[in-house]
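Here's the structure we're looking at; comments come further down.
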Amino acid sequence: MCVRVQADPFDFGAECDAFASGRHHVGAVVTFCGIVRDDGGLQAMEIEHYPAMTAPAIEAMVAEARTRWSLADALVIHRHGRLTPGERIMMVATAAPHRADAFAAADFLMDYLKSRAPFWKKEITTAGAHWVEARSEDETALARWSDETARR
Amino acid sequence: MCVRVQADPFDFGAECDAFASGRHHVGAVVTFCGIVRDDGGLQAMEIEHYPAMTAPAIEAMVAEARTRWSLADALVIHRHGRLTPGERIMMVATAAPHRADAFAAADFLMDYLKSRAPFWKKEITTAGAHWVEARSEDETALARWSDETARR
Amino acid sequence: MTLNVVYFAWVRERIGVAQERIDTDAATVAALVDELRAREDRYALAFEDLSALRVAVDQQLTDFDAPIAGAREVAFFPPMTGG
Amino acid sequence: MTLNVVYFAWVRERIGVAQERIDTDAATVAALVDELRAREDRYALAFEDLSALRVAVDQQLTDFDAPIAGAREVAFFPPMTGG
């Protein structure tokens, strides 16, 4: 289990390789990488976070995922600060004996990170700067894990 | 789009890095890596395939995934021949503007590769050799994409 | 009691500071918000629509009815946009 | 007509060859299977339980009722175990 919150870039390929290495009791590794997407006119993305809360909140999400699925390991890396289009914002990796668990846990962690980890994105575009608004689709995605919602 | 069927090992980290590189209109990359799992006593896994059918069958699965989700790119690498515990058997990668599409397409491709791509695994254990039997869970997983099943 | 009150994203921008020490006897987050609103317009503006805000007490997400007795830090921010 | 008939996994092991040329007038996969079963015990054994087998005609998965007129290759194998 590893959670890293950092301003520096991370090496997605090296992280994937290291995460999948030396595993004999794991059949499945799933990784996700989030990339700053240029929908036109985006110059930069500024990501603010809540340092005292961020890592503990993500660690709680990972702990919750471990109670729900049979996981051998999980990794979350999330950047903050200023990023430009094409840069990698964050990644999640999960390792499990079976693929269904690895997929579900990665999907779950992404939904929680998106809407419950204390990050806020500001887009700097040629037309000005604005805070990214939360999307209703993201709350809908979270609601899929409704047992969890009920338990909280 | 890229489908590779090969006896040689592949470099999972390098493939993940290359797949996620140079993308400005993609927000999400999902990768999956299948690893030879040692459930006790496994010495080697021998994977047989149907050379004339394998790549075209996988390409058809990728084409089907592209009709179902908004994908920017997809990659499938699958090895055949003799592998030992801890070795990487195969990988899938999907890139999409949004994470839900990348996750669903990777999950879909895994379910189809598991039960519809012409590979057969033989486990060589300390107790002898046997062909791996298809699991009913894998057919159940496939049935989740039931529109597709109905269309075929 | 004295609380550390922290603000993020556009809440921080509207209030004009990232954090401040606040002396309060408020029993709940909502009572604290009422006190802040009464201070100055910039607070009234930031807390205009509570449905657009989220709150954490001692780094735990909670809601505006939550008690704050014994708390050390209260954070106000818009819905998160991580990932 | 002459077909290329190919076998994989334990079907190949039971029949003892990976592929062979077969002269047949069978109209369907099922009719071809009946001809093969009648040849020798190793075929009868391999084709004992068709529910445990899958078939592809010209590299397309199909079922045992499928016609084979004009086909060049028929493949028999157990359910796939890729991934």
Side-chain angles (χ1 to χ4, degrees), chain A residues 10-40 42 45 72 84-100 102-111 113-114 121 135 137-138 140-141 144, chain B residues 10-40 42 45 72 84-100 102-111 113-114 121 135 137-138 140-141 144:
Chain A
F10 59 90
D11 184 333
F12 178 57
E15 297 293 346
C16 288
D17 187 58
F19 189 81
S21 292
R23 301 199 181 279
H24 284 232
H25 301 286
V26 156
V29 165
V30 170
T31 79
F32 177 92
C33 183
I35 299 171
V36 180
R37 185 163 42 92
D38 182 4
D39 276 336
L42 185 73
M45 175 88 83
T84 52
E87 275 195 84
R88 294 156 191 184
I89 307 174
M90 54 82 67
M91 71 168 286
V92 163
T94 55
H98 299 288
R99 77 185 187 287
F103 265 111
D107 202 5
F108 170 91
L109 286 171
M110 282 308 306
D111 283 348
L113 286 162
K114 199 89 186 174
K121 290 186 184 124
R135 305 184 317 156
E137 299 94 299
D138 290 330
T140 307
R144 292 185 294 156
Chain B
F10 60 91
D11 184 334
F12 177 57
E15 297 292 346
C16 288
D17 187 58
F19 190 80
S21 292
R23 301 198 182 278
H24 283 233
H25 301 286
V26 156
V29 164
V30 170
T31 78
F32 177 92
C33 183
I35 298 171
V36 180
R37 185 162 44 91
D38 182 5
D39 276 336
L42 185 73
M45 176 88 83
T84 53
E87 275 195 85
R88 295 156 191 185
I89 306 174
M90 54 82 68
M91 70 169 286
V92 163
T94 55
H98 299 288
R99 76 184 187 288
F103 265 110
D107 203 4
F108 170 91
L109 285 171
M110 282 308 306
D111 283 347
L113 286 162
K114 201 88 185 174
K121 290 186 184 125
R135 305 184 317 155
E137 299 94 299
D138 291 329
T140 307
R144 293 185 295 157

Any side-chain heavy-atom pair from [X] and [Y] closer than 4.5 angstrom?
{"X": "B:D17", "Y": "A:R88", "value": "yes"}
{"X": "A:H24", "Y": "B:E87", "value": "no"}
{"X": "B:E137", "Y": "A:H98", "value": "no"}
{"X": "A:V30", "Y": "B:T31", "value": "no"}

For the pair B:F103 and A:F32, name the ring-plane relationship: parallel under 30°, tilted 30 to 60°, perpendicular over 60°. parallel

For A:A141, which atoms come within 4.5 Å of any heavy atom of chain B: side chain, backbone, both, or neither? side chain

With only heavy atoms counted, which part of A:V92 is less than 4.5 Å from chain B, the side chain, the backbone, both or neither? neither

Are any of the side-chain nitrogens in A:R99 or B:D107 under 4.0 Å away from the carboxylate oxygens of its partner? no

Looking at A:R23 and B:D38, does any basic side-chain N land under 4.0 Å from a carboxylate oxygen? no

Who among [options] has the most heavy-atom pairs with chain A under 4.5 Å?
{"options": "B:G22, B:G27, B:C16, B:A14", "result": "B:G27"}
{"options": "B:I35, B:T94, B:D39", "result": "B:I35"}
{"options": "B:A102, B:P97, B:G40, B:A18", "result": "B:P97"}

Chain A contact via B:D111 - which portion, at a heavy-atom distance below 4.5 Å: both

B:S21 portion near chain A, given a 4.5 angstrom heavy-atom threshold: both

For each of A:A20, A:A93, A:G34, tally heavy-atom pairs with chain B at distances under 4.5 Å, and name the one with the top tally. A:A20

So CZ of A:F19 and SG of B:C33: to nearest 0.5 Å the spacing works out to 11.0 Å

